[in-house]
There are 2 protein chains.
Amino acid sequence: MTVPLYGFRPVRLELFVSQSEVPPQAADPLGAYIVENQAGFLLRRAHQRHASIFLETMAAHDLTPTQFTALIKVIESGRVTQNRLGRLTAMDPATIQGVARRLVDRDLVSRALDPMDRRTTVLIATDAGIALAARAVVAARAITAATLAPLDDDERIQLTALLRKLG
Amino acid sequence: MTVPLYGFRPVRLELFVSQSEVPPQAADPLGAYIVENQAGFLLRRAHQRHASIFLETMAAHDLTPTQFTALIKVIESGRVTQNRLGRLTAMDPATIQGVARRLVDRDLVSRALDPMDRRTTVLIATDAGIALAARAVVAARAITAATLAPLDDDERIQLTALLRKLG
DNA sequence: GCACGGTCATTCGTGTGCAAATGATCCACC
DNA sequence: GGTGGATCATTTGCACACGAATGACCGTGC
């Protein structure tokens, strides 16, 4: 059971539909606060489900979503500093540090000195890293498909567009 | 800068558009693998952005998204065991354990023994917990609005529906 | 040449998120 | 009434995620 589908049912929170602290437009009974319908709750659930699918499908390659993304971006970049890689992959410096370290530990990525800027070390994919990424991309396509499986073609395009807009 | 909007631009990964490991339909040049357009990447980004908005807006109440959700669900439930609360809030037992402990530590929730089942402890919201939740829900409405701010009304409804379907 | 503001990488602390293992307890079936 | 499978809560170990602080270094401007 990779994706535990919890069967919660929405319950009105009438507790909070009192006149004092609720903004005007929430006097509408449909404005009752239902946690399960909030964007944040749904995003957390969807992200969890995707992570579960990812780890299962990518198990053979032993890559997490962030590790995979970072590896792909290192390959695309050729040479890239760690902070820049973080910006490319939407990870802050504290996070990319650990991700990069694990990739380096596994010899999927190597570090090189930048004689132009002694603060940085440049990351470069190794041959093993490129080979692993080539295999992992096949799994990654399947992961995206499995993640979007509950939606039809139009809905997949819609969701992708909406999430991009949410940026 | 609560929401670091990294300006990455999609780059084709022609590296992987070789005939060997790419499935048939990916011979289409549009099938090139672009990490930034994958559902997983977009979900991670959207979830990060929401979490950032949440923590900033909820700072006065010092509640994380999971703590807030758990508190609301304890209030709605009246009495609830920890594992059941986990199912209601989409958190596994190991995760809900820490969330519940932090709520109990802050006296927002209290534990009670269940004479019917000595394995469990029942969680009940305290008066302080109910009062805090009442204030926090106001912030929570603003958080949902801010999260969905880049979208117009139709798009917000679409996104919510699509994420629910993804569930 | 040097002082200062900005950037790079790292570390620490806290909070999710989950697999796996554990011990206690429950319950259904025999 | 006992046994075996299920459930409850917890702990450990690992991996994100980020604020805050730190030390090294860069570049500009004086």
Side-chain angles (χ1 to χ4, degrees), chain A residues 1-4 6 40-41 43-56 58-59 62-70 80-87 89-106 111 113-123, chain B residues 1-4 6 40-41 43-56 58-59 62-70 80-87 89-106 111 113-123:
Chain A
M1 43 154 269
T2 61
V3 182
Y6 303 124
F41 184 88
L43 284 171
R44 183 168 64 85
R45 291 270 283 122
H47 180 243
Q48 278 177 18
R49 177 169 164 279
H50 168 264
S52 172
I53 293 171
F54 191 104
L55 292 177
E56 185 184 346
M58 199 61 92
D62 194 26
L63 287 173
T64 64
T66 55
Q67 288 168 14
F68 172 73
T69 304
V80 65
T81 64
Q82 202 168 276
N83 275 20
R84 174 159 171 71
L85 178 61
R87 287 189 288 272
T89 57
M91 302 178 210
D92 88 358
T95 300
I96 198 69
Q97 196 276 334
V99 176
R101 180 173 48 71
R102 282 180 278 276
L103 292 177
V104 170
D105 286 349
R106 288 174 59 187
R111 294 186 199 274
L113 295 178
D114 183 349
M116 292 289 86
D117 188 340
R118 279 183 299 169
R119 292 169 302 179
T120 74
T121 55
V122 177
L123 299 176
Chain B
M1 43 152 269
T2 62
V3 182
Y6 303 125
F41 184 89
L43 284 171
R44 184 168 63 87
R45 290 273 279 126
H47 180 244
Q48 279 177 16
R49 177 168 166 278
H50 168 264
S52 172
I53 292 170
F54 191 104
L55 292 177
E56 184 184 347
M58 199 61 92
D62 195 24
L63 288 173
T64 64
T66 55
Q67 289 168 12
F68 172 74
T69 304
V80 65
T81 64
Q82 202 169 276
N83 276 18
R84 174 159 171 70
L85 178 60
R87 287 188 288 272
T89 57
M91 301 179 211
D92 87 2
T95 300
I96 198 69
Q97 196 276 335
V99 175
R101 180 174 47 73
R102 282 181 277 274
L103 292 177
V104 170
D105 286 349
R106 287 173 60 185
R111 294 186 200 273
L113 294 179
D114 182 351
M116 293 289 88
D117 187 341
R118 279 184 298 168
R119 292 169 303 177
T120 72
T121 54
V122 178
L123 300 174

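Source: prediction; values computed, not measured. Just so it is clear: chains get the letters A, B, ... in the order the sequence lines come, proteins before strands, and each one is counted from 1.
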Tabulate atom names and distances for all N/O pairs under 3.5 angstrom spanning the protein and nucleotides 1-5 of chain C.
none

At their closest point, which heavy atom of B/L103 faces which heavy atom of B/A70, and how far apart are they? CD1-CB, 4.0 Å
Listed by chain and number, what are the salt bridge (Lys or Arg N to Asp or Glu O under 4.0 Å) partners of B/R118, not counting sequence neighbours? none
Nearest-angstrom distance from the residue atom CZ of A/F68 to P of D/dC16: 14 Å
Side-chain donor-acceptor pair under 3.5 Å between B/T95 and B/D92, yes or no? yes
With a cut-off of 3.5 Å and sequence neighbours excluded, list every side-chain donor-acceptor pair involving residues 62-69 of chain A.
from, atom 1, to, atom 2, distance (Å)
A/T64, OG1, A/T66, OG1, 3.3
A/T64, OG1, A/Q67, N, 3.2
A/Q67, OE1, A/T64, N, 3.4
A/T69, OG1, A/P65, O, 2.9

Gap between atoms CG and C1', on B/L85 and D/dC8 respectively (whole Å): 13 Å
Partner residues of A/R111 under the side chain to side chain contact (heavy atoms under 4.5 Å, CB included) criterion, sequence neighbours left out: A/Q82, A/R101, A/V104, A/T121, A/L123
Taken to the nearest whole Å, CG/B/D114 to C1'/D/dC8 is 11 Å
note: A/D62, atom CG; D/dC16, atom P; distance rounded to Å ~ 11 Å
Without decimals, in angstroms, what is the distance between A/I96 CD1 and D/dC16 P? 9 Å
Could you list all N or O pairs between the protein and nucleotides 7-16 of chain C that sit under 3.5 Å apart?
from, atom 1, to, atom 2, distance (Å)
C/dT7, O2, A/R119, NH1, 2.7
C/dC8, OP2, A/R87, NH1, 3.4
C/dA9, OP1, A/Q82, N, 3.4
C/dA9, OP1, A/T121, N, 3.2
C/dA9, OP1, A/T121, O, 3.2
C/dA9, OP2, A/Q82, N, 3.2
C/dA9, OP2, A/N83, N, 2.5
C/dA9, OP2, A/N83, OD1, 3.3
C/dT10, OP2, A/Q82, OE1, 3.2
C/dT10, OP2, A/Q82, NE2, 2.6
C/dT16, OP1, B/T64, OG1, 2.5
C/dT16, OP1, B/T66, OG1, 2.2
C/dT16, OP2, B/Q67, NE2, 3.3
C/dT16, OP2, B/R102, NE, 2.9
C/dT16, OP2, B/R102, NH2, 3.0

For atom CG of B/D92 and atom P of D/dT11, their distance in whole Å: 15 Å
A/H50 NE2 - C/dC18 P separation (whole Å): 14 Å
Non-neighbouring partners of B/D114 that pass salt bridge (Lys or Arg N to Asp or Glu O under 4.0 Å), sequence neighbours left out: none
Is there a donor-acceptor contact under 3.5 Å from the side chain of B/R44 to the main chain of A/A90? yes
Residues passing the side-chain hydrogen bond (donor to acceptor under 3.5 Å, both in side chains) test with A/T81, sequence neighbours excluded, are none
Is it true that a side-chain atom of A/T89 and a backbone atom of A/L85 form a donor plus acceptor pair closer than 3.5 Å? yes
Nucleotide C/dG17, atom P - distance to CG of A/L43 in whole Å: 12 Å
